[in-house]
Enquirer: 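First the structure, which I've put down as structure tokens, then a few questions once you've had a look.
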Number of protein chains: 2
Amino acid sequence: MKLGATFPCDMIGGQVAKVIESRNSEYPVGSWVMGHFGWRTHTITKPENEKFCGQKPYLYKLPDFGDLPVSLALGVCGRVGNTAYFGFTEICQPKAGETVVVSGAAGAVGSHVGQIAKILGCRVIGFAGSDDKCEWLVKELGFDYAGNYKTTNLAEFLKEAAPKGVDCYFDNVGGEISSTVMSQMNNYGRIAVCGAISGYNETDPEKRKATMVQGYIVGKQLKIEGFQVNRFAERTIDGINQNLKWVREGKLKYKEHIYEGFESADEAFIGLFRGDNIGKSLVKVK
Amino acid sequence: MKLGATFPCDMIGGQVAKVIESRNSEYPVGSWVMGHFGWRTHTITKPENEKFCGQKPYLYKLPDFGDLPVSLALGVCGRVGNTAYFGFTEICQPKAGETVVVSGAAGAVGSHVGQIAKILGCRVIGFAGSDDKCEWLVKELGFDYAGNYKTTNLAEFLKEAAPKGVDCYFDNVGGEISSTVMSQMNNYGRIAVCGAISGYNETDPEKRKATMVQGYIVGKQLKIEGFQVNRFAERTIDGINQNLKWVREGKLKYKEHIYEGFESADEAFIGLFRGDNIGKSLVKVK
């Protein structure tokens, strides 16, 4: 199969290309494909040989784009668009009426995420790096609010833009912006970490630390969840019974440090901070 | 119902108590209950009036503990045990053969989590603050490895203890220990954030920042997930079609900044860093 390339998009070279010669009936001459062929004008390949980021094969025929430009396959209707679509809908699980914050909002992914959030009926707040970008987000894309993170007190801005708190946060940047957003999130908020660009070029080790967490999260696709036991309140007795069973079977060991009488309360309390005890500290009052 | 209290466990006062007078047939004299009555020796109450941390009613009859002490209802067979059991199994979703790290491992929750991990067939590594505690974890509780975070290079220690990387991390402490663990996690690792004690008493604002992320995660029970679009590779065309539909309906707007010809590649690349463009940057080569 021989392809005439049209749009390479990066140094490695994602491209939209037209099939100009073919011995594979699934890819007839004239059909359009997306692949990662590298920077070039023409490619001779077999689809099954193409791979990218561990995916193999990485070459697919485009759906019919009609009168829309095929270059969309490199943006809103390609990897970028799928990052926005799947990342936001699957990871953030947004619901109509919820408040969504997007950082890096004027980027290809961020601007797409914000629009999906509007389509789904959310209140949408974007952060970007210039007033022009913010104006574009609000006036053309329909974001409810957009703040220039270089000139705005984001905490104050968010209090006004998200008076009911933030439910979903699509994070492209990490670092201080993210800490500010997290401080104003509602319980059970969901955060999709797509990037941590604030730290990519940071050379100060202390400042870099602040974005390390997000860097690991996105690099390794980690899932992190905070919890308090109350959320399992309805299964309290089930949990007790399971632990009781393990204790009875000798599989679960425990230590108790029992203080006798109300008068030992001070000692028990201070002991917690001195690290006096292993296991659970208890005061027996009667 | 009148109760004779036995074990209050904190200043607010979680207690195991025996019913010594009752006009409620569900709670006959002699039965044991768990509640949060505050520091006291006796309580007169109605179960429906008891509440704690937003849960109401917060009073329940204990299962039959047989010859085990009822004080377990304040520890391994109570709120502490349920925190370990549900938090670890539900949030970390551990599988046999996986490697699990627990910070604050000698505490009531941490020591319990590590034992559950062993029961489930995992390799278990604990971090604690003294050699005695570490010895207890390995020799008595069966942890595979335990490291004293005050005296050990945790990154080196982890490389040896977890040569295949870390799959699950049960985090009680936040801060630097957590960054170290995260740096050695495998893709798709799961982290349950139960506490961030390293920052609770930190007064240095810069050091405190490092634990803020964990603090918000646990306080608000946030869910954070990093992702890369490859994980949705099988649904590539579905995503494209959805985005294409929105573009056609005029609901999804996009900008393309198209550079013409190979010779414009430098300019296109530098433009990315200058923030020249809004939307997707493309180079048209043919």
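Heavy-atom basis, side chains included; hydrogens, waters and symmetry copies ignored. Throughout, a chain's letter reflects where its sequence line sits, starting with A, and its residues are numbered from 1.
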Enquirer: A:Gln115 versus B:Lys253: any side-chain heavy-atom pair under 4.5 Å?
Expert: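 They are in contact (side-chain heavy atoms under 4.5 Å apart), so the answer is yes.
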Enquirer: Taking the side chain from B:Gln184 and the backbone from B:Thr180, do they hold a donor-acceptor pair closer than 3.5 Å?
Expert: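 No; zero donor-acceptor contacts below 3.5 Å.
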Enquirer: Tell me, please, which residues at least two apart from B:Arg248 pass salt bridge (charged side-chain N to carboxylate O under 4.0 Å, His left out).
Expert: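 With neighbours one apart ignored, the set is empty.
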Enquirer: Tell me, for A:Asn186 versus chain B, whether the close heavy atoms (under 4.5 Å) come from the side chain, the backbone, both or neither.
Expert: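 For A:Asn186, the backbone is the part near chain B, not the side chain.
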Enquirer: Among A:Asp171, A:Asp67, A:Thr89, A:Leu68, single out the residue with the greatest number of heavy-atom pairs under 4.5 Å to chain B.
Expert: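 Ranked by heavy-atom pairs under 4.5 Å with chain B, first place is A:Leu68.
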Enquirer: Less than 4.5 Å apart, any side-chain heavy atom of B:Phe88 and any of B:Val109?
Expert: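 Not touching, per the 4.5 Å side-chain cut-off.
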Enquirer: Heavy-atom pairs under 4.5 Å with chain B are the metric here; pick the option from A:Gly75, A:Cys92, A:Gly87 that has the most.
Expert: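 With the most close heavy-atom pairs to chain B, the winner is A:Gly87.
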Enquirer: Using the ring centroid of each side chain, check whether B:Trp246 and B:Tyr254 are separated by less than 6.0 Å.
Expert: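 Centroid separation for B:Trp246 and B:Tyr254: 6.0 Å or greater.
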Enquirer: At a 4.5 Å cut-off on heavy atoms, which part of A:Ile119 comes close to chain B: side chain, backbone, both, or neither?
Expert: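 Contact with chain B is through the side chain of A:Ile119 alone.
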Enquirer: Among B:Gly219, B:Ala128, B:Gly110, B:Gly142, single out the residue with the greatest number of heavy-atom pairs under 4.5 Å to chain A.
Expert: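 Ranked by heavy-atom pairs under 4.5 Å with chain A, first place is B:Gly219.
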Enquirer: Could you check whether any side-chain heavy atom of B:Thr236 comes within less than 4.5 Å of a side-chain heavy atom of A:Met34, counting everything from C-beta outward?
Expert: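 Result no, sub-4.5 Å side-chain heavy-atom pair not found.
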Enquirer: So which of A:Ile191, A:Asn241, A:Val80, A:Thr83 has the largest heavy-atom pair count under 4.5 angstrom toward chain B?
Expert: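 Of A:Ile191, A:Asn241, A:Val80, A:Thr83, A:Ile191 has the most heavy-atom pairs under 4.5 Å with chain B.
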Enquirer: Quick check on A:Tyr188 against chain B: is it the side chain, the backbone, both or neither that has a heavy atom closer than 4.5 Å?
Expert: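 Both parts, backbone and side chain.
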Enquirer: Select, from A:Glu140, A:Lys61, A:Lys118, the one with the greatest count of heavy-atom pairs under 4.5 Å involving chain B.
Expert: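 Answer, by heavy-atom pair count under 4.5 Å with chain B: A:Glu140.
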Enquirer: Would you mind checking which part of A:Tyr169 comes under 4.5 Å of any heavy atom in chain B, side chain (CB onward), backbone (N, CA, C, O), both or neither?
Expert: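 Neither part.
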Enquirer: Are the side chain of A:Asn243 and the backbone of B:Val76 linked by a donor-acceptor contact shorter than 3.5 Å?
Expert: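 Looks like yes, one N/O pair under 3.5 Å.
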Enquirer: When you compare the side chain of A:Cys194 with that of A:Val218, does any pair of heavy atoms fall below 4.5 Å?
Expert: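 No, side chains not in contact.
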Enquirer: Could you check which of B:Phe232, B:Tyr85, B:Phe227 has the highest count of heavy-atom pairs closer than 4.5 Å to chain A?
Expert: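 Result: the option with the highest number of such pairs is B:Phe227.
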Enquirer: Quick one: of B:Leu141, B:Asp238, B:Leu72, who has the most non-hydrogen atom pairs under 4.5 Å with chain A?
Expert: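 Between B:Leu141, B:Asp238, B:Leu72, the count favours B:Leu72.
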Enquirer: I'd like to know which of B:Met182, B:His112, B:Lys251, B:Lys220 tops the heavy-atom pair count under 4.5 Å against chain A.
Expert: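 Most heavy-atom pairs within the cutoff with chain A belong to B:Lys220.
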Enquirer: Between B:Glu225 and B:Arg231, is the closest basic N to carboxylate O distance under 4.0 Å?
Expert: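 A salt bridge is present here (some side-chain N lies under 4.0 Å from a carboxylate O).
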Enquirer: Mind ranking B:Glu249, B:Arg190, B:Gln242, B:Gln228 by heavy-atom pairs under 4.5 Å with chain A and telling me who comes out on top?
Expert: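 Heavy-atom pair counts peak at B:Gln228.
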Enquirer: According to the salt bridge (Lys or Arg N to Asp or Glu O under 4.0 Å) rule, which pairs have a member within residues 82-93 of chain B, sequence neighbours left out?
Expert: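 Residue pairs with at least one partner in residues 82-93 of chain B: A:Arg235-B:Glu90.
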Enquirer: Heavy atoms only, distances under 4.5 angstrom: which of A:Val193, A:Leu62, A:Ile224, A:Leu252 has the most pairs with chain B? Name it, please.
Expert: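 It is A:Ile224.
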Enquirer: Output the option from B:Ile116, B:Ile217, B:Leu222 having the highest count of non-hydrogen pairs under 4.5 Å with chain A.
Expert: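 That would be B:Leu222.
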Enquirer: Looking only at heavy atoms, which two atoms of A:Ala106 and A:Leu137 are closest? And how far apart?
Expert: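 Between these two residues, the closest heavy atoms are CA-CD2, 4.1 Å.
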Enquirer: Answer with side chain, backbone, both or neither: which region of A:Asn82 has an atom nearer than 4.5 Å to a non-hydrogen atom of chain B?
Expert: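 Both parts, backbone and side chain.
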Enquirer: Taking every non-hydrogen pair under 4.5 Å, which of A:Gly66, A:Ala73, A:Ala84, A:Gly81 racks up the most with chain B?
Expert: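 Going by pairs under 4.5 Å, I would pick A:Gly81.
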